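Order of the sequence lines sets the chain letters (A, B, ...), proteins ahead of strands, with each chain counted from 1. Please read all numbers here as calculations on a predicted model, not as lab measurements. Computed from heavy atoms alone, side chains included, the values below leave out hydrogens, waters and symmetry copies.
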2 protein chains.
Amino acid sequence: MHNNKQNHRTTQQRKVILEELKKVKSHPAADEIYRMVRKRLPRISLGTVYRNLEVLSELKEIQQIELAGSLKRFDGNPENHYHLRCIICGRIDDAPFELENNLEKQMRTFTDYTIISHKLEFIGICPECSSKLP
Amino acid sequence: MHNNKQNHRTTQQRKVILEELKKVKSHPAADEIYRMVRKRLPRISLGTVYRNLEVLSELKEIQQIELAGSLKRFDGNPENHYHLRCIICGRIDDAPFELENNLEKQMRTFTDYTIISHKLEFIGICPECSSKLP
DNA sequence: GTACCTGCAAAGCTTTTGCAACTGG
DNA sequence: CCAGTTGCAAAAGCTTTGCAGGTAC
């Protein structure tokens, strides 16, 4: 994790990364951003891109979309259901309520996408971790 | 991607992986499953575990939880909003409607988790990909 | 018998990190 | 000046894959 207490500077690299990202609506991955930024700063490194994306997220200038990543968890229950994830210990519990078919119905009225399914995850602190907090 | 047309066999490895995963409600990652299964099949390899988790998902015996993985996408808009993901081309668009605060409220009445936020993603086929389908 | 599966090891891909040099304020 | 930042390269972490031998059916 990164230290939140740092004083952040406005470097060329940081500025250009932010500008390029704000320009597009394609939600690029880090290496795509690297490619975009290199057109203006040919000597920038991938490491710098990663570090700045982290800092810019902390500063709430951008956000990271973490859905559907490559680190997977597996669930012996094949039925569609929602999950609760603890931000402290990382445990995942099943959510105690049903899928909302309404959400997909709503979405269909608003877009031209063919909606196939949806994923909903709640983020919070599990009772066990709560009880251990100072 | 895996070939869906295969005839799948019931091997010891496949059977034990499924049994062990059904036993727990902890939503383990692949390497945790590997550790669990090795107690019964000490010579099993991690590769076999990965391959079988893939097959078992195809067979709808289990499911993969892909939320909050490590391959991230970045969004120049720091405001909380939902996304639409195309399963064909992988593009991500912003969803054209507002966050449902009701969802968190509902969840609070059902669990002892301290709910901090939620993530909702719709999966579908974007108009462009739809138009190219056979 | 043979298509499918396994163990092993190597490779792949994304992300993180140590380090010495550099720079914004 | 000096804490924060950078480029580079190596390392780390998770997942996939090539291969030769094994196995379910």
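- One can place CG of L59(B) at 9 Å from P of dC5(C), the figure rounded to the nearest angstrom.
- Judged by distance alone, with hydrogens and angles left aside, R14(A) brings no side-chain donor or acceptor close enough to the base of dG24(C) to form a pair under 3.5 Å.
- A straight line from CG of N52(A) to C1' of dG7(D) spans 13 Å, rounded to a whole angstrom.
- Going from atom CZ of R43(A) over to atom P of dT23(C) covers 11 Å, rounded to whole Å.
- One atom, CD of E54(A), and another, P of dT14(C), lie 17 Å apart when rounded to the nearest Å.
- Of the two residues near DNA chain D, D31(B) and T10(B), the one whose nearest nucleotide lies more 5' is D31(B).
- Backbone-only engagement by I44(A) is indicated by non-hydrogen atom pairs under 4.0 Å involving sugar-phosphate atoms exclusively.
- dC4(C) atom C1' lies 13 Å from atom CD of E58(B), rounded to whole Å.
- A salt bridge is defined here as a Lys NZ or Arg NE, NH1 or NH2 lying under 4.0 Å from an Asp or Glu carboxylate O, and K23(A) with E20(A) meets this definition.
- Applying the 4.0 Å criterion to OP1 and OP2 of dG7(D), one finds that T48(A) has a side-chain N or O inside that range.
- In this model, a side-chain donor or acceptor of R9(B) finds a partner on the base of dC4(C) within 3.5 Å.
- At whole-Å resolution of the value, OH in Y50(A) and P in dT15(C) are 3 Å apart.
- For Y34(A) and dC8(D), the OH to C1' distance is 10 Å, given to the nearest whole Å.
- The phosphate of dT5(D) (OP1 or OP2) has a side-chain N or O of H8(A) nearer than 4.0 angstrom.
- Between Q13(A) and T48(A), the side chains place no donor N or O within less than 3.5 Å of an acceptor N or O (distance only, hydrogens not considered).
- Rounded to whole Å, the distance from CG on L46(B) to C1' on dA9(C) is 12 Å.
- Between Q13(B) and dT23(D), a side-chain N or O to OP1/OP2 separation shorter than 4.0 Å is absent.
- A donor-acceptor pair under 3.5 Å is absent between the side-chain atoms of Q106(A) and the main chain of L103(A), judged by distance alone.
- Contact of the Q64(B) side chain with the E54(B) side chain is registered, since non-hydrogen atoms from C-beta on lie closer than 4.5 Å.
- Within 3.5 Å, no donor on the side chain of R51(A) pairs with an acceptor on the base of dG4(D), nor the reverse.
- Other residues, nucleotides and ligands contribute at most 12 non-hydrogen atoms within 6.0 Å of the CD atom of E128(B).
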